[in-house]
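To find a chain, count down the sequence lines: A is the first, B the second, and so on, and within it residues start at 1.
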Protein chains: 2
Amino acid sequence: MDTTESNSSSHAKELCGKEFIGKPISYLYRYEQIYIGKKLEPYGIGSGQFPFLMRLYSEDGINQESLSDYLKIDKGTTARAIQKLVDENYVFRQRDERDRRSYRIFLSEKAKKLEPDMKKIASEWEDILFSSFDDSQRKEITNSLEIMFENVLKIM
Amino acid sequence: MDTTESNSSSHAKELCGKEFIGKPISYLYRYEQIYIGKKLEPYGIGSGQFPFLMRLYSEDGINQESLSDYLKIDKGTTARAIQKLVDENYVFRQRDERDRRSYRIFLSEKAKKLEPDMKKIASEWEDILFSSFDDSQRKEITNSLEIMFENVLKIM
DNA sequence: AGGCAATAGTTGCATTAACAACTATATTGG
DNA sequence: CCAATATAGTTGTTAATGCAACTATTGCCT
């Protein structure tokens, strides 16, 4: 990969010798979708529902707004993902009597039984990503990614 | 792919107390799409065309298969992205006379003039991601992400 | 030469996701 | 209390993307 790039700004210069960081991030996202999607096939759901399910394992009974806020996913996308989870009997909605605009989302028994399966899928994906790193590097990288996440949050 | 019980369950435990690595990766990908998409609006193209344009700045005249291979993006997606770039006069196709199945993709003068603009968009995004890191950490993180990319490549 | 597998590209279809406009409920300020 | 505003959720539209089926060309093998 020997490329000669013209660098007409100080910023462009940084990009010259190496990859754009967007490339591995895009790749890791897209292939996680494929990997998780395949693993979820036997369960009748898709990769788009996975983050919501994982979030509910941590905090059952929260509403769609909270899910959207936490995952930073559009509330329309959240509405449709939850609908699919309802259709497949992974969660059910319950009107919040304190605020009748919102629904609280609860895991079904079926979903609760599958929690170990779901967490195993997540951790196996992590094991692939980190297969060449030791636990200390793993922590370091995870931490760096979360800081980058915060850096973007600050300006969005 | 290693899916042994001991390995994954020990890591599944780690998943309990902290974030799934997929969360920041997904976020960084989705918000890059939004950020780049907005920056590209004045140019009449979308975030989906950006990686192809960037790749062509490094290696002009390659074919769609090479673009797909390098970016690890489906060839159907590549076909449609290149079509949009053709429609907006950023690139043109030229039949490869040595292999008439393929087209070589070349940057137009318009695209060449905009190379500094495009690289500036890319590097400004990187500056946001890395805003709390020094150059050495930046290199370290970039390198780690590329290794994770390779780790996934190995098994896909 | 003829046939068959591989390669390059296109297109239909499905999923994920953002954005915007909309409904319904809640809250706040006169 | 009512009007204006804010919040929770839904839905239509669009873009990016992967997969699979298809066409066309190439190259290999007997």
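Contact annotation: Arg98(A) does not reach the phosphate of dT25(C) (side-chain N/O to OP1 or OP2, under 4.0 Å). Between Tyr31(A) and dT17(D) there is no side-chain polar atom (N or O) within less than 4.0 angstrom of OP1 or OP2. Of the side-chain N and O atoms in Arg30(A), one or more sit less than 4.0 angstrom from OP1 or OP2 of dG18(D). Taking only side-chain nitrogens and oxygens, Arg80(A) never comes nearer than 4.0 Å to OP1 or OP2 of dT10(D). Phosphate contact (OP1/OP2 of dT7(C), side-chain N/O of Gln64(B), threshold under 4.0 Å): absent. When the side-chain nitrogen and oxygen atoms of Tyr29(A) are compared with OP1 and OP2 of dA17(C), one or more of them lie within a distance under 4.0 Å. For the OP1/OP2 pair of dT11(D) and a distance below 4.0 Å, the side-chain nitrogens and oxygens of Gln83(A) include no atom meeting the criterion. Regarding contacts with the backbone of dA16(D), every side-chain N or O of Gln33(A) stays at 4.0 angstrom or more from both OP1 and OP2. OP1 or OP2 of dA16(D) sits under 4.0 Å from a side-chain N or O of Gln49(B).
Atoms NZ (Lys75(B)) and P (dT7(C)) sit 10 Å apart, rounded to a whole Å. One atom, CD of Glu41(A), and another, P of dT16(C), lie 11 Å apart when rounded to the nearest Å. Taking atom OH of residue Tyr27(B) and atom C1' of nucleotide dA18(C), one finds them 13 Å apart after rounding to whole Å. Rounded to whole Å, atom C1' of dA16(D) lies 14 Å from atom CG of Leu71(B). The distance between atom CD1 of Ile36(A) and atom P of dG18(D), rounded to the nearest whole Å, is 16 Å. In this structure, Arg100(A) places its CZ atom 13 Å from P of dT27(C), rounding to the nearest Å. Taking atom CG of Asn63(B) as the reference point, atom P of dA6(C) lies 19 Å away to the nearest angstrom. dG9(C) atom C1' lies 16 Å from atom CD1 of Ile73(B), rounded to whole Å.
Within 4.0 Å (heavy atoms only), Phe50(A) reaches no atom of the nucleic acid at all. Using a 4.0 Å heavy-atom criterion, one finds that Phe52(B) contacts no nucleic acid atom at all. Contacts of Arg104(A) with the nucleic acid, taken as non-hydrogen atoms under 4.0 Å apart, are absent. Looking at heavy-atom distances under 4.0 Å, Gly76(A) makes contact with a base. In this structure, Asp74(B) reaches the bases: a heavy-atom distance under 4.0 Å links it to at least one base atom across the strands shown. Asp96(B) comes within contact range of no nucleotide atom at all, as no heavy-atom separation falls under 4.0 Å. Using a 4.0 Å heavy-atom criterion, one finds that Ser47(A) contacts the sugar-phosphate atoms exclusively.
Annotation: cation-pi geometry satisfied between Arg95(A) and Tyr103(A) (NZ/CZ under 6.0 angstrom from ring centroid, within 45° of ring axis). For the pair Lys72(A) and Tyr31(B), the cation-pi criterion (under 6.0 Å, within 45° of the ring axis) is not fulfilled. Judged by the 6.0 Å distance and 45° axis criteria, Arg138(B) is not positioned over the aromatic ring of Phe133(B). Tyr90(B) does not carry Lys112(B) over the face of its six-membered ring by the limits of under 6.0 Å from the centre and within 45° of the normal.
With hydrogens and angles ignored, a donor-acceptor pair closer than 3.5 Å exists between the side chain of Arg101(A) and the base of dT7(D).
Each of Thr77(B) and Arg95(A) was assigned the nucleotide of DNA chain C with the nearest heavy atom; the assignment lying further toward the 5' end belongs to Thr77(B). In terms of position along DNA chain C, the nucleotide closest to Lys84(A) lies nearer the 5' end than the nucleotide closest to the other residue of the pair Glu97(A) and Lys84(A). Residue-to-nucleotide proximity on DNA chain D shows that, of Ser26(A) and Tyr103(A), the 5′-proximal contact is made by Tyr103(A).
Ring-plane geometry between Tyr27(B) and Phe149(A) is classed as tilted, the angle between the planes lying from 30 to 60 degrees on a 0 to 90 degree scale. Under the 30°/60° scheme for interplanar angles, the aromatic rings of Phe50(A) and Phe20(B) are found to stand perpendicular.
With no hydrogens or angles considered, a side-chain donor-acceptor pair links Gln83(A) and Arg93(A) at under 3.5 Å.
In this structure, the nucleotide among dA18(C), dC19(D), dA15(D) sitting nearest to the side chain of Ile34(A) is dC19(D).
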